[in-house]
Amino acid sequence: MPDGSGSTGSAGLPGSGKLSSRRVYSGKVISVDLDTVQFPNGTTGDLEMVRHSGASAIVPVLEAEGKDPVVLLIRQYRYAAEGFLYEIPAGRLDEGETPEECARRELKEETGYSASDLKLLTTIFTTPGFTDERIHLFVASGLIAGTSALESDEILEISPTPMSQALEMIRSGVIKDGKTIVGLLLAARAAGHE
């Protein structure tokens with residue numbers, strides 16, 4: 001049975017794994033490899049693999065009166081989506097950076113807030129059919145306001161949203177981003193809002 005660790009190689013399956021790899025593109029955010037792979041059934045094939053350093057994403061929860069906490073969503077321009085998407089703050093890991101360090105940095109850069117409490121919810125594969133990217137999902141509380149430091153290609157606005165409204169935005173299709181959907185659903189479950 002696979003261990004779910006996401007390690008490369010045979011994942012415990014005899015006779016399977018990478019036979020060769022050739023880098024065909026190296027970029028700022030991703031690289032692309034052409035891997036020749038032996039599959040668990042003994043056949044071989046070529047796979048185009050997008051390599052990514054991984055990322056962290058954060059569900060920032062403001063203290064709220066009553067039972068409906070407010071989460072800090074961002075409305076961010078995404079060229080690939082041809083417009084704006086509602087998302088939770090996120091960003092890729094820098095070399096040598098832990099997922100928690102990345103989460104704290106990205107929360108501060110994108111929202112200006114720092115968190116006194118940060119808890120890992122889970123780690124997900126974004127699209128395992130063609131990329132090894134994993135996103136570590138956190139929930140942040142005890143938020144302390146500060147100043148954001150956006151990069152030049154980050155066009156976004158902060159959108160404080162009650163958790164109940166965010167969940168309705170998922171149900172109605174307003175929130176379409178995968179990491180945001182998973183993060184909000186897990187954070188809501190952890191807080192008793194389903």
**Q.** Separation between CG of L167 and CE of M169, rounded to the nearest 0.5 Å
**A.** 10.5 Å

Q: For a side-chain hydrogen bond (donor to acceptor under 3.5 Å, both in side chains) with E87, tell me which candidate from K176, R78, R75 qualifies.
A: R78

Q: Run the numbers on L62 and V71 for side-chain contact (heavy atoms from CB on, under 4.5 Å), then give the verdict.
A: CA-CA 6 Å; L62 289 171; V71 293; over 6 Å; no

Q: Evaluate side-chain hydrogen bond (donor to acceptor under 3.5 Å, both in side chains) for S56 paired with H136, printing each intermediate quantity in order.
A: CA-CA 5 Å; S56 290; H136 309 278; 5.5 Å; no

Q: Calculate, to the nearest 0.5 Å, the distance between atoms CD1 and CG belonging to I181 and L186 respectively.
A: 12.0 Å

(Q) Strictly below 4.0 Å, N to O, side chains only: are E101 and R104 in salt-bridge contact? (A) no

Q) Could you state the interatomic distance from CD1 (I135) to CG (L121), rounded to the nearest 0.5 Å? A) 13.0 Å

Q) Hey, mind stepping through R134 and D132 against salt bridge (charged side-chain N to carboxylate O under 4.0 Å, His left out) and telling me if it holds? A) CA-CA 6 Å; R134 285 184 278 178; D132 61 359; over 6 Å; no

Q.
Please say yes or no: joined through hydrophobic side-chain contacts below 4.5 Å, possibly via intermediate residues, are I158 and Y77 part of one cluster?
A. no

Q. Within a strict 4.5 Å, meaning less than it, do heavy atoms of the I175 and L184 side chains meet?
A. yes

Q) Does any N or O in the side chain of T161 come within less than 3.5 Å of the main-chain N or O of S159, such that one atom is a donor and the other an acceptor? A) yes

Q | L156 side, atom CG; I74 side, atom CD1 - distance, nearest 0.5 Å | A | 5.0 Å

**Q.** Verdict with supporting geometry, K18 and D33, salt bridge (charged side-chain N to carboxylate O under 4.0 Å, His left out)
**A.** CA-CA 12 Å; K18 181 168 53 177; D33 293 344; 5.9 Å; no

**Q.** Residues H52 and T131: side-chain donor-acceptor under 3.5 angstrom
**A.** no

Q) Do V182 and L137 touch side chain to side chain, with heavy atoms closer than 4.5 Å? A) yes

Q: Enter the distance from D46:CG to T36:OG1 here, rounded to the nearest 0.5 Å.
A: 4.0 Å

Q | hydrophobic_cluster_shared for F39 and L19, side chain cutoff 4.5 Å | A | no

Q) Is there side-chain contact between L107 and P60, with at least one heavy-atom pair below 4.5 Å? A) yes

Q: Find out if a path of hydrophobic residues (ILVMFWY) with successive side-chain heavy-atom gaps under 4.5 Å connects V59 to Y86.
A: yes

Q: Give a yes or no answer on whether the side chain of T111 reaches the backbone of Y113 with a donor-acceptor pair at less than 3.5 Å.
A: yes

Q | Qualifying residue, where the test is side chain to side chain contact (heavy atoms under 4.5 Å, CB included) with R22 and the options are D35, V32, L34 | A | L34

Q: Determine, using the 4.5 Å side-chain heavy-atom cutoff (strictly less than), whether L143 and L120 are members of one ILVMFWY cluster.
A: yes

Q) Is any side-chain heavy atom of R51 less than 4.5 Å from a side-chain heavy atom of M49? A) yes

Q) Within the distance-only criterion (no hydrogens, no angle test), does the side chain of T127 pair as donor or acceptor with the backbone N or O of F130 below 3.5 angstrom? A) no

Q.
If the threshold is 4.0 Å, N to carboxylate O, is there a salt bridge linking R105 and E97?
A. yes

Q: Please name the pair of heavy atoms, one in E133 and one in A55, separated by the smallest distance, quoted to 0.1 Å.
A: OE2-CB, 4.3 Å

Q. Considering all heavy atoms of both residues, which atom of A140 and which atom of A115 are nearest to each other, and what is their separation?
A. CB-CB, 3.7 Å

Q) If you draw a 6.0 Å radius around CD in E48, do more than 12 non-hydrogen atoms from other residues or ligands fall strictly inside? A) no

Q.
Are the side chains of E109 and S148 in contact, using a 4.5 Å heavy-atom criterion?
A. no

Q: With rounding to the nearest 0.5 Å, note down the distance linking NZ in K108 to CD1 in I144.
A: 9.0 Å

Q | S116 (side chain) donor-acceptor with G142 (main chain) under 3.5 angstrom | A | yes

**Q.** Heavy-atom closest pair, residues R92 and C102
**A.** O-SG, 3.6 Å

**Q.** E157 side-chain N/O to Q76 backbone N/O, donor-acceptor pair under 3.5 Å
**A.** no

Q: Report whether V50 and F125 are members of the same hydrophobic cluster (ILVMFWY, side-chain heavy atoms less than 4.5 Å apart, transitive linking).
A: no

Q) Do S53 side-chain atoms and L93 backbone N/O form a donor-acceptor pair below 3.5 Å? A) yes

(Q) Please find the pair of heavy atoms, one from A103 and one from F138, that lie closest to each other, and give the distance. (A) CB-CD1, 3.7 Å

